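This structure is a prediction, so every number in the text was calculated from the model and none was measured. For the numbers below, each heavy atom of this structure counts, side chains included, while hydrogens, waters and symmetry mates do not.
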Amino acid sequence: MKRILEELSTLRGSRPRILLCDDQPINIRLANALLKGDYDIYMAGSGQQALDLCERILPDLILMDVNMPGLNGYETCERLKQNTATLGIPVIFLTGLKSEEDEVKGFDVGGVDFISKPINGTVLKARVLTHLTLKLQSDFYRNIAVTDSLTGLFNRRKFDSELAEKWELCKRSSQAISLLMIDIDYFKNYNDHYGHQAGDRCLAQVAQAIRSNFNRSYDCVARYGGEEFACILPMAGSEQALKLAQDISLSVAQLELPHLKSEVGAHVTLSIGVATVDSPGAACSPASLVELADRHLYVAKARGRAQVCTETEASARHDVPA
């Protein structure tokens with residue numbers, strides 16, 4: 001089973017992440033000493049701290065103490081299961097409680113297993129390995145269903161669900177959310193001149209150049225359709241989104257992919273529309289963010305393409321060819 005977990009970790013490009021939540025530092029130190037060699041370990045001293053960390057790092061597994069001041073382990077687990085972004089994270093309870101009622105309650109709130117205190121290192125490692133393997137296998141097959149096969153980016157279906165989730169996350173935390181809508185300039189001309197196989201290779205190269213600019217686990221980069229891409233940036237304001245859009249344009253320009261049928265240069269270029277909502281709420285919606293980013297993309301094309309646009313102009317109302 002360890003080999004399977006290692007292969008799954010290699011496929012996704014990162015080690016499994018485990019969150020240890022316990023109000024007793026000695027218990028956290030013990031679990032960390034047992035697990036840190038194989039996994040990336042994060043630590044929380046309370047239920048609320050665990051909730052805050054989960055939204056930022058999205059761990060693959062949580063080891064949760066039951067008896068904690070404030071939010072206890074059961075209450076913390078219940079809240080995790082009420083949040084679409086964290087409901088899939090398996091929770092193993094660490095507890096000195098041994099009654100059948102306690103175990104039933106743990107499973108009722110969404111826990112997947114119990115480990116009794118004092119912790120037995122061999123048991124802890126075996127249970128963690130089992131549940132992490134199941135989690136990463138589930139993630140792997142789910143990702144196949146939401147991944148665009150040509151570019152390796154998320155597909156449109158995943159984009160729609162991610163936008164709804166990230167919108168709610170930013171709404172709860174009163175933080176900005178930004179969206180980039182990206183289009184390859186004169187891509188129809190590219191396909192007509194070079195052929196569709198070359199066009200597919202171009203799409204794949206551009207997709208990877210776009211993806212290379214993202215290092216936050218909670219950002220979403222998707223193929224929106226055809227030669228269009230979309231990037232969701234939760235907890236990112238307009239300046240950060242603009243800088244990222246400019247970096248993406250530069251990354252694609254540095255590929256120097258020949259485009260003899262482009263009307264804006266000798267190489268493949270991008271038009272990008274950037275939109276930001278500073279405070280998601282009842283007055284706007286995820287659909288309105290997409291509409292605003294689309295409108296800014298439209299203006300970038302109307303102004304001559306190969307550029308980033310963050311604002312609309314009333315004068316830019318004429319039709320723009322694909």
Working to the nearest 0.5 Å, report the span between [atom1] of [X] and [atom2] of [Y].
X	Y	atom1	atom2	result
L71	M64	CG	CE	9.5 Å
M181	L289	CE	CG	9.5 Å
Q49	C21	CD	SG	7.5 Å
C309	K301	SG	NZ	12.5 Å
R201	L203	CZ	CG	11.5 Å

Side-chain donor or acceptor of [X] paired with backbone N/O of [Y] under 3.5 Å:
X	Y	value
D60	R17	yes
K81	I89	yes
T86	L80	yes
N213	A209	yes
H131	D113	no
S138	L134	no
Q137	K135	no
Q208	T151	yes
N143	D139	yes
R15	S9	no

In terms of side-chain geometry, is the basic nitrogen of [X] or [Y] positioned less than 4.0 Å from the acidic oxygen of its partner?
X	Y	result
D192	K261	no
R56	D52	no
K105	E101	no
E7	R3	yes

Quick one: does [X]'s side chain get under 4.5 Å of [Y]'s, heavy atoms only?
X	Y	value
E227	N191	no
I177	L169	no
V308	I248	no
V66	D102	no
P16	L61	no
I28	I41	no
V268	L255	no
D22	K117	yes

Side chain to side chain contact (heavy atoms under 4.5 Å, CB included) evaluation trace for L63 with L35 | CA-CA 11 Å; L63 295 175; L35 300 171; 3.7 Å; yes
Is it true that [X] and [Y] fall in one hydrophobic cluster, defined by side-chain heavy atoms closer than 4.5 Å?
X	Y	value
V290	L242	no
L179	I184	no
I210	L180	yes
F214	F159	no
Y224	L153	no

Do R223 and F154 meet the cation-pi criteria used here (NZ or CZ under 6.0 Å from the six-membered ring centre, within 45° of the axis)?
->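 Here R223 fails the 6.0 Å and 45° test against F154.
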Testing the basics here: between [X] and [Y], what is the closest heavy-atom pair and its distance to 0.1 Å?
X	Y	value
T310	H296	O-CE1, 3.1 Å
I182	C231	CD1-SG, 3.8 Å
A293	A275	N-CB, 3.5 Å

Atom [atom1] of [X]: over 12 foreign heavy atoms under 6.0 Å:
X	atom1	value
R216	CZ	yes
I26	CD1	no
E78	CD	yes

Answer yes if the side chains of D185 and S262 hold a donor-acceptor pair under 3.5 Å, and no otherwise.
-> no
Is there a donor-acceptor contact under 3.5 Å linking the side chains of E55 and N83?
->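 Distance-only check passes for E55 and N83.
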Indicate the ring-plane relationship of Y190 and Y194, choosing parallel, tilted or perpendicular according to the 30° and 60° boundaries.
-> tilted
Mind checking whether F93 and F114 have parallel, tilted or perpendicular rings, split at 30° and 60°?
-> tilted
